[in-house]
2 protein chains.
Amino acid sequence: MTETRRGRPRKAEVDAEVLRLATELLLERGYGGLSTDEVAERAGIAKTTLYRRWPTKDHLALAVVRRLQDHDEITDTGDIERDLVDYMEKIAAGLDRMRTAGGDPGRSAGTVAELVAAGARHDDVGELGREMYARRNALACRLIEGARERGALRADLDPAVLLEQLAGALYYRVLITGEPVDRAYAERLVATALRGALA
Amino acid sequence: MTETRRGRPRKAEVDAEVLRLATELLLERGYGGLSTDEVAERAGIAKTTLYRRWPTKDHLALAVVRRLQDHDEITDTGDIERDLVDYMEKIAAGLDRMRTAGGDPGRSAGTVAELVAAGARHDDVGELGREMYARRNALACRLIEGARERGALRADLDPAVLLEQLAGALYYRVLITGEPVDRAYAERLVATALRGALA
DNA sequence: CCCTTTCCGCTACCCGCGTAGCGTATAGGG
DNA sequence: CCCTATACGCTACGCGGGTAGCGGAAAGGG
C-alpha cells in the first residue's frame, strides 16, 4: 500500500508552516489579502516550491479551510426539531469561523463566496469541497432517517430535500442577501420546514 | 431633476458596444474568459475609457447579467403550489441563461459563483445584486400572501422564510453540490416545503 | 559508484486587473 | 471668446497569479 518514494523527499516542515501562514493571512485579511507571493516570502521558500504542493491559490485556500472545519459532530437527542436547529447553528458557526478578523459575526460571505467560485474554477477543488459537505450531510441524513423510522417524520419524506431546504436557506442568507444567521432564525426556519406552509 | 451635464459628454455608442462585446465574451468563455483588455481592444477604445464607466471588471460583469435577467414576471393562477413551481423554474431558467456556451444545461455555477463573490468584494455590486433579488422576491411575497389571505396557507407563515427555503435549496444545488435543477426537482421541493416534514 | 528521480531555490517572464499622468478634444457658462 | 469641467487616447507602471528553465541537492536502485 505504501508507495516507495523516489527521488529527493520534500521538506516536511514546509507544508505545516505554509498552512499556518496562509491561515493567518486568510483570517486576518480575507481571500484577496491572501497572497502566494507573500506566503512564500514569509515562509522563506521559493514560490515554485509552494506551487509544487498547491497548484493554485484556490487549492491552498481550500486546504486552509478544510483544516478549520474538521471538527463537526452531530448530536441526536431524539428531539428532531431541536437536533436540526443545533445542526443549523453548527453550520453557521462553521461559516463564522472563516470570517475576516474584526468583521461582524455572521458576515463571512467574502471567503465563502470566493471558495464557492474556486470550486467552480477547478474541478478538483469543487470535488474536495463537495466531499466535505457530503460527509457532514450523511450524518444529518441518518438523523432524519432515524426520526422518520420512529414515526416522527412523514414516511415519504426525502431527507436530502429537507436538508437542502434548511442548509440552502442558510447559505442563501449568507451568500446572497447578506442577512445574519442566528439561533432565532434557525428556529423559525426549522419550524417552518417541519410544519409546512399549508393551512 | 435632470442634472445639467458639464464638460465633454461621453460618446454614447461606447456603452452599448462594450456591453455587447462583454456579453458575448462572458457567455462564450465564462467569467475568467472575460478580459477588460480584450473588450477595450475589440471595442476600439482605451482601457481607461472603459474603466471610467465600470470601475472594475466585476461591475461590468454585473451590468451584463442585469441586462440578461430583466424580464421576469410571476403568474398567479390561484393554485399556489403550481405558481411556486413555475417560479422555481423561472429562477432556474434565469441561471441557465448565463451558463457558458456549450456547457451543460443547469451548470451555470461558474458565472453565478463569480458574481456572488463579486458582490462580496464590492459593496455597491452586492447592493445592486440584492436589488435584483429584492424586486423579484417582492412579487413572490405578494403571491404567497395572497394565498395566505384566502386561507390556502397557514396564517402564521412568514413568506420570506418560505422563499428562502425554496430559492435557497435551488442555489444550494447550483452553487454547492452542482446537481442539476429541473422541473421534477422543483415539484418535489415545493411539495415538501408546503406539506412539511412532520408525520 | 553512478544514474535516475524528485525536490529546491533562483531568475526571468507572461498575463490580466487597475492606476497615474500627459496632451488633446469637446461641451456649457460667464 | 475664453474658462472650466469632463472625456478621450496613449504610454507606462505596479501588483498578484502562475510558468519556464536552469544548476544544484538529496534520496533510492542497479
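No experiment lies behind these values; they were computed from the predicted model shown. Chain naming here is simple, since letters A, B, ... match the order of the sequence lines and numbering starts at 1 in each.
The nearest whole Å value for the distance from the CG atom in Leu50(A) to the P atom in dT19(D) is 12 Å. Computed from coordinates, the Glu13(A) CD to dC8(C) C1' distance equals 13 Å when rounded to whole Å. Rounded to whole angstrom, the span from the CG atom of Asp15(A) across to the P atom of dC7(C) amounts to 11 Å. Here dC17(C) presents its P atom at 13 Å from CD of Glu41(B), a figure rounded to the nearest Å. Rounded to whole Å, atom C1' of dG16(D) lies 16 Å from atom CG of Leu26(A). Spacing between atom NE2 of His59(A) and atom C1' of dG17(D) amounts to 14 Å, rounded to whole angstrom units. One can place CZ of Arg52(A) at 13 Å from C1' of dA26(D), the figure rounded to the nearest angstrom.
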* After noting the C-alpha distance and the side-chain angles of Glu145(A) and Arg142(A), does the key distance pass the salt bridge (Lys or Arg N to Asp or Glu O under 4.0 Å) rule? -> CA-CA 5 Å; Glu145(A) 269 166 0; Arg142(A) 274 212 290 277; over 6 Å; no
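For the OP1/OP2 pair of dC8(D) and a distance below 4.0 Å, the side-chain nitrogens and oxygens of Arg53(B) include at least one atom meeting the criterion. Put simply, Thr49(A) has no side-chain N or O that comes within less than 4.0 Å of OP1 or OP2 on dC7(C). Side-chain N/O atoms of Lys11(A) include one lying less than 4.0 angstrom from OP1 or OP2 on dG9(C). Look at Arg10(A) and you won't find any side-chain N or O under 4.0 angstrom from OP1 or OP2 of dA25(D).
Using a 4.0 Å cut-off between charged nitrogen and carboxylate oxygen, Arg130(A) and Glu127(A) count as a salt-bridge pair. Of the charged side-chain nitrogens involved, at least one lies within less than 4.0 Å of a carboxylate oxygen, so that Glu81(B) and Arg195(B) count as a salt-bridged pair. At a threshold of 4.0 Å, the pair Arg188(B)-Glu164(A) does not count as salt-bridged, since none of the basic side-chain nitrogens sits closer than that to a carboxylate oxygen. Using a 4.0 Å cut-off between charged side-chain N and carboxylate O, Asp156(B) and Arg148(B) make no salt bridge.
As judged by a 4.0 angstrom heavy-atom cut-off over every strand, Leu34(A) is placed among residues touching the sugar-phosphate backbone only.
Of the residues near DNA chain D, Gly7(B) and Gly44(B), the one whose nearest nucleotide (by heavy atom distance) lies more toward the 5' end is Gly7(B). Between Arg6(B) and Gly32(B), the residue anchored closer to the 5' end of DNA chain C is Gly32(B), taking for each the nucleotide with the nearest heavy atom.
Taking the side chain of Arg8(B) as heavy atoms from C-beta on, and the options dG16(C), dG28(D), dC8(D), the nearest nucleotide is dC8(D).
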Could you pull out the protein-nucleic contacts involving nucleotides 18-21 of chain C (nitrogen or oxygen on both sides, under 3.5 Å)?
| residue | atom | partner | partner atom | Å |
| --- | --- | --- | --- | --- |
| dG18(C) | OP2 | Tyr51(B) | OH | 3.3 |
| dG18(C) | OP2 | Lys57(B) | N | 2.6 |
| dG18(C) | N7 | Lys47(B) | NZ | 2.9 |
| dG18(C) | O6 | Lys47(B) | NZ | 2.8 |

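Within 6.0 Å of CD on Glu41(A) lie no more than 12 heavy atoms contributed by other residues, nucleotides or ligands.
Thr36(A) has its side chain out of reach of Trp54(A): every pair of non-hydrogen atoms, C-beta onward, lies at least 4.5 Å apart.
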